[in-house]
Amino acid sequence: MMKKQRFGVAHKEKLKKMRTLVDVLTLSATPIPRTLHLSLVGIRDLSIINTPPEDRVSIKTYVLEFDEDAIKAAVEKELARQGQVIFCP
């Protein structure tokens, strides 16, 4: 079972304050607009990995009408696998 690292901006800033010469590696499944912008203007380097990880599971997307039971089941499934859930109705 793979363990996920969940570092946010606050964690990265705390690490940077501990040492002045520290490199921070940020991994993202998709480049967020801010990160993409920073790379385009030359503030941050951006590398793209074209080969997916060996045991990568494809993302499943469902489009359906609002259904509390479906939402509850999806959230419970994600939490059971120790994943993260962000829900904005």
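None of these values were measured; they are calculated from a predicted model.
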_Going by side-chain contact (heavy atoms from CB on, under 4.5 Å), name the residues that satisfy it together with D67, two or more places apart in sequence or in a different chain._
L64, D69, A70
*Return the set of residues passing side-chain contact (heavy atoms from CB on, under 4.5 Å) with A74 (not counting sequence neighbours), or none when no residue passes.*
none
*asked:* My understanding is that only residues two or more places apart in sequence, or in another chain, count here; which of them pass side chain to side chain donor-acceptor pair (under 3.5 Å) with E76?
replied: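 Per chain and number, E76 pairs via side chain to side chain donor-acceptor pair (under 3.5 Å) with K72.
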*Members other than V75 in its cluster, when Ile, Leu, Val, Met, Phe, Trp, Tyr link by side-chain heavy atoms under 4.5 Å?*
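F66, I71, L79, V85, F87, which link up through side-chain heavy atoms under 4.5 Å apart, make up the rest of the cluster.
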